[in-house]
A.B. asks: 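Got a structure for you, questions after.
Scope of the values below: all heavy atoms of this structure, side chains included, with no hydrogens, waters or symmetry mates. Note that this is a predicted model, so its numbers are computed, not measured. Counting convention: from 1, in listed order, for ligands and their atoms alike. Positions are given from 1, in the same order as the sequence printed here.
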Amino acid sequence: MKLHFKKALVTGGAGFIGSHIVDELLDRGIKVAVIDNLSTGNLQNLAHVQERISFFQGDIRDHDILTKAVQGSDVIFHLAAVVSVTQTVEQPIDSAMVNDLGTLSILEVARQHDVKKVIISSSCAVYGDSPKLPKIETMIPLPLSPYAVQKLTGELNAKVYNDLYGLKTVCLRYFNVYGPRQDPSSPYSGVISIFMSKAASKDTPVIYGDGNQYRDFIFVKDVVRANLLSAIDDKACGKVFNIGSAKNTTINQLWKMICTMTALKIKPEYRPERSGDIRESFADIKRAQSILGFLPEYSFEKGLEITLQHAMV
Ligand code: NAD
Ligand code: UD1
């Protein structure tokens, strides 16, 4: 894949997914600026590249710092967000300020500063719990949380900027992303990051419900590649894409695989299902495959292995 742009701004670049995008851009010789308020991100994620990037510590809603950060960028990868669904439920207005107005600020600064393309991080949460599987982009979204509404609003604003103002935008609906640097510290962190830290400390994991619920787990490096493909492909403009693996894994299978890889024999503790838990989710990725040429390159086993190596250090 040949990148034809010179400089990119990564919002939320000190976070889990954003920091991997930063790494890949630098590896490919692209200049990188990052804006991040470090609310959930961590400078440790960028420590190995701090000499090679321009880092702007601040909020995406701060017009002055955002204007400084965007200078000279051809592309914006927009990841900064209040990512905790629970937090958006508790603080619907404050989170909308970041996820709705913050995203609008990114689109507007892009329009004003001649940015060629904006890639927006959306979420499979926009589908809600509709029983139809796999989730396909033509389904009517059924958001069940302020987070999902905010992500959907970001997609709609991106479409308006694409069609009305001619700013090229692409929206990516990630399914359950996992990989190194995912923070396991909250009970609502991604299940893989939690299970990895349990395995590292040889603790008993908790499985909510019977463990037969399943998810579509996608390795972070594949999500990075989806972002780069979106940046170079103009056929993608004005569209939304599912970014998942199109495979499903139950939570019971997940813990079994981790036990096999680590030679652990720990039985999980089963607790009642979480309220509002989605039973089954997996992606149809045919649109991403046919338009972006996206197919995951990391098998689940390979991705888990890499994640495990980092968790065990
Ligand atoms: P993360 O918390 O690691 O990254 C988010 C980053 O944004 C953090 O570094 C945080 O400090 C920064 N940030 C938050 N509010 C900000 C603000 N107002 N101004 C500047 N920076 C701010 O989370 P992540 O998992 O890397 O998520 C990245 C993006 O992907 C988010 O938009 C999230 O909604 C989306 N997403 C993630 C997943 C997943 O499985 N991890 C799934 C679907 C969508
Ligand atoms: C994900 C998002 C969530 C969003 C939802 C919408 C993450 C981390 N969470 O939730 O914000 O609302 O998609 O589609 O991306 N589990 C356990 N034990 C644990 C942790 C989790 O059994 O210690 C179970 C959960 O109950 C769930 C499954 O594992 O059934 C996956 O959980 P999680 O990783 O939080 O992802 P989602 O529930 O898909």
A.B. asks: Does ligand 1 come near enough to Ile35 that some N or O of the ligand is less than 3.5 Å from an N or O of the residue?
C.D. replies: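 In fact, backbone or side chain, Ile35 has no N or O that close.
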
A.B. asks: Which ligand 1 atoms are under 4.0 Å away from a heavy-atom of Gly41?
C.D. replies: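 What qualifies from ligand 1 is 8 (C), 9 (O), 10 (C), 11 (O).
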
A.B. asks: Of the protein's non-hydrogen atoms, which lies at the shortest distance from atom 6 (C) of ligand 1, and what is that distance?
C.D. replies: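 Going by distance alone, atom 6 (C) of ligand 1 is nearest to Gly12 CA, 3.6 Å.
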
A.B. asks: Any salt bridge linking Glu155 with Lys151? Criterion: basic side-chain nitrogen under 4.0 Å from a carboxylate oxygen.
C.D. replies: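 Answer for the salt bridge query: no.
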
A.B. asks: Taking only heavy atoms of Ser123, which atoms of ligand 1 are found under 4.0 Å from at least one of them?
C.D. replies: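 Answer, ordered by atom number: 43 (C), 44 (C).
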
A.B. asks: Can you tell me which residue and heavy atom of the protein come closest to atom 11 (O) of ligand 1, and the distance to 0.1 Å?
C.D. replies: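 That would be Asp36 OD1, 2.6 Å.
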
A.B. asks: Counting non-hydrogen protein atoms only, what is the nearest one to atom 13 (N) of ligand 1? Give residue, atom name and distance.
C.D. replies: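 Of the protein heavy atoms, Asn37 OD1, 3.3 Å lies nearest.
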
A.B. asks: Set out, in order, the CA-CA distance, both residues' side-chain angles and the distance that settles side-chain hydrogen bond (donor to acceptor under 3.5 Å, both in side chains) for Tyr147 and Ser95, then state yes or no.
C.D. replies: CA-CA 8 Å; Tyr147 174 77; Ser95 59; over 6 Å; no

A.B. asks: Mark yes when over 12 heavy atoms from residues, nucleotides or ligands other than Lys247 sit less than 6.0 Å from its NZ; otherwise mark no.
C.D. replies: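 No, the 6.0 Å shell around NZ holds no more than 12 heavy atoms from other groups.
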
A.B. asks: Are Phe300 and Phe217 near enough that their ring centres are under 6.0 Å apart?
C.D. replies: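 That pair passes the under 6.0 Å test.
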
A.B. asks: Is Val83 close to ligand 1, meaning an N/O of one under 3.5 Å from an N/O of the other?
C.D. replies: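 No, Val83 has no N/O under 3.5 Å of an N/O on ligand 1.
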
A.B. asks: Show me, by chain and number, every protein residue that has a heavy-atom distance under 4.0 Å to ligand 2.
C.D. replies: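 The answer is Val85, Cys124, Ala125, Asn176, Tyr188, Ser189, Gly190, Val191, Ile194, Phe195, Val206, Ile207, Tyr208, Gln213, Arg215, Ile251, Arg274, Asp277, Ile278, counting any residue whose heavy atom sits under 4.0 Å from ligand 2.
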
A.B. asks: Is the count of non-hydrogen atoms from other residues, nucleotides or ligands lying under 6.0 Å from Tyr188 atom OH greater than 12?
C.D. replies: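 Not buried by this count: 12 neighbours or fewer within 6.0 Å.
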
A.B. asks: Taking the basic N atoms (NZ, or NE/NH1/NH2) and the acidic carboxylate oxygens, is any pair closer than 4.0 Å for Lys159 and Asp163?
C.D. replies: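 Answer for the salt bridge query: yes.
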
A.B. asks: Got a donor-acceptor contact below 3.5 angstrom from the Asp216 side chain to the Ser245 backbone?
C.D. replies: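 Looks like yes, one N/O pair under 3.5 Å.
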
A.B. asks: For the 3.5 Å polar cut-off, considering only N or O atoms, please tell me whether Val177 and ligand 1 meet it.
C.D. replies: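 Val177 vs ligand 1: N/O contact under 3.5 Å present.
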
A.B. asks: Measure Lys151 to ligand 1 on non-hydrogen atoms and call it side chain, backbone, both or neither using the 4.0 Å cut-off.
C.D. replies: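 Looking at Lys151 and ligand 1, just side chain atoms fall under 4.0 Å.
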
A.B. asks: Can you give the donor-acceptor pairs under 3.5 Å from side chains of residues 29-46 to other protein atoms, not counting sequence neighbours?
C.D. replies:
unit_1	atom_1	unit_2	atom_2	d
Asp36	OD1	Leu38	N	2.6
Asp36	OD2	Gly13	N	3.4
Asp36	OD2	Ala14	N	3.0
Asn37	OD1	Ser39	N	3.0
Asn37	OD1	Ser39	OG	2.9
Asn42	OD1	Gln44	N	2.9
Asn45	ND2	Ala14	O	2.8

A.B. asks: List the closest protein heavy-atom neighbour of atom 3 (O) of ligand 1: residue, atom name, distance to the nearest 0.1 Å.
C.D. replies: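 So the nearest neighbour among protein heavy atoms is Phe16 N, 2.8 Å.
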
A.B. asks: Would you say Asp59 has any N or O atom under 3.5 Å from an N or O of ligand 1, going by distance alone?
C.D. replies: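 It does: an N or O of Asp59 is found under 3.5 Å from an N or O of ligand 1.
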
A.B. asks: For ligand 1, is there an atom lying under 4.0 Å from some heavy atom of Ser39?
C.D. replies: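 Right, Ser39 reaches ligand 1.
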
A.B. asks: Among protein heavy atoms, which lies nearest atom 37 (C) of ligand 1, and at what distance?
C.D. replies: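 I find the closest protein heavy atom is Ile17 CD1, 3.8 Å.
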
A.B. asks: Would you say the side-chain atoms of Gln213 pair up with the backbone N or O of Gly211, donor to acceptor, closer than 3.5 Å?
C.D. replies: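 Such a contact is found between Gln213 side chain and Gly211 backbone.
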
A.B. asks: Suppose we call two aromatic rings close when their centres sit under 6.0 Å apart. Are Tyr178 and Phe219 close by that rule?
C.D. replies: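 That pair passes the under 6.0 Å test.
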
A.B. asks: Considering both backbone and side-chain atoms of Thr40, is one of its nitrogen or oxygen atoms within less than 3.5 Å of a nitrogen or oxygen in ligand 1?
C.D. replies: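 Indeed, backbone or side chain, Thr40 has an N or O that close.
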
A.B. asks: Might you point out which heavy atoms bring Ser121 and Tyr174 nearest each other, and give the distance in Å?
C.D. replies: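 Nearest heavy atoms, Ser121 then Tyr174: OG-OH, 2.6 Å.
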
A.B. asks: How does Tyr147 reach ligand 1, if at all, at less than 4.0 Å between non-hydrogen atoms: by side chain, backbone, both, or neither?
C.D. replies: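 It is the side chain that touches ligand 1; the backbone stays farther off.
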
A.B. asks: Please name the residue in the list Asp234, Asp233, Asp74, Thr169 that meets the side-chain hydrogen bond (donor to acceptor under 3.5 Å, both in side chains) test with Lys117.
C.D. replies: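 With Lys117 as partner, side-chain hydrogen bond (donor to acceptor under 3.5 Å, both in side chains) holds for just one option, Asp234.
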
A.B. asks: Say whether Val82, considering both its backbone and side-chain N or O atoms, lies within less than 3.5 Å of an N or O atom on ligand 1.
C.D. replies: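 N/O-N/O distance below 3.5 Å does not exist for this pair.
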
A.B. asks: Applying side-chain hydrogen bond (donor to acceptor under 3.5 Å, both in side chains), run through Asn212 and Thr250 and close with a yes or a no.
C.D. replies: CA-CA 5 Å; Asn212 289 324; Thr250 70; 4.9 Å; no

A.B. asks: Evaluate the side-chain proximity of Val83 to Phe16: yes if any heavy-atom separation is below 4.5 Å, no if none is.
C.D. replies: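 A side-chain contact is absent here, since even the closest heavy-atom pair is not under 4.5 Å.
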
A.B. asks: Report, as yes or no, whether the 6.0 Å neighbourhood of atom CG on Asp114 holds more than 12 heavy atoms from other residues, nucleotides or ligands.
C.D. replies: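 No, because the 6.0 Å sphere around CG of Asp114 holds 12 heavy atoms or fewer from other groups.
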
A.B. asks: Is Phe175 in contact with ligand 1, taking contact as a heavy-atom separation below 4.0 Å?
C.D. replies: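 Yes, Phe175 has heavy atoms under 4.0 Å from ligand 1.
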
A.B. asks: Backbone, side chain, both or neither: what part of Leu38 comes under 4.0 angstrom of ligand 1, heavy atoms only?
C.D. replies: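 Just the backbone.
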
A.B. asks: Starting from atom 36 (N) of ligand 1, find the nearest protein heavy-atom neighbour and note its residue, name and distance.
C.D. replies: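 Its nearest protein heavy-atom neighbour is Tyr174 CD1, 3.6 Å.
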
A.B. asks: Just to confirm my output: which protein heavy-atom neighbour is closest to atom 28 (C) of ligand 1, and how far is it?
C.D. replies: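 Residue, atom and distance for the closest contact: Leu79 O, 3.7 Å.
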
A.B. asks: Closest non-hydrogen protein atom to atom 19 (N) of ligand 1, residue and atom name please, with distance?
C.D. replies: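 Looking at atom 19 (N) of ligand 1, the protein heavy atom closest to it is Ile60 N, 3.0 Å.
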
A.B. asks: I need the atoms of ligand 1 closer than 4.0 Å to a non-hydrogen atom of Ala14, numbered in the order shown.
C.D. replies: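 Numbered from 1, ligand 1 contributes 9 (O).
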
A.B. asks: Could you see which bit of Val98 sits under 4.0 Å from ligand 1, with heavy atoms only: side chain, backbone, both or neither?
C.D. replies: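 Looking at Val98 and ligand 1, just side chain atoms fall under 4.0 Å.
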
A.B. asks: For His48, is the NE2 atom crowded, meaning more than 12 foreign heavy atoms sit under 6.0 Å from it?
C.D. replies: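 Enclosed: over 12 neighbouring heavy atoms sit under 6.0 Å from NE2 of His48.
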
A.B. asks: For Gly58, counting its heavy atoms only, list the atoms of ligand 1 lying under 4.0 Å from any of them.
C.D. replies: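 Near Gly58, the atoms of ligand 1 are 19 (N), 20 (C).
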
A.B. asks: Can you confirm whether Ile306 sits close enough to Pro180 that some side-chain heavy atom of one is under 4.5 Å from a side-chain heavy atom of the other?
C.D. replies: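 SC-SC contact between Ile306 and Pro180 confirmed.
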
A.B. asks: For ligand 1, indicate whether the residue Ser122 contacts it via side chain, backbone, both or neither (heavy-atom separation under 4.0 Å).
C.D. replies: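 For Ser122, only backbone atoms sit under 4.0 Å from ligand 1.
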
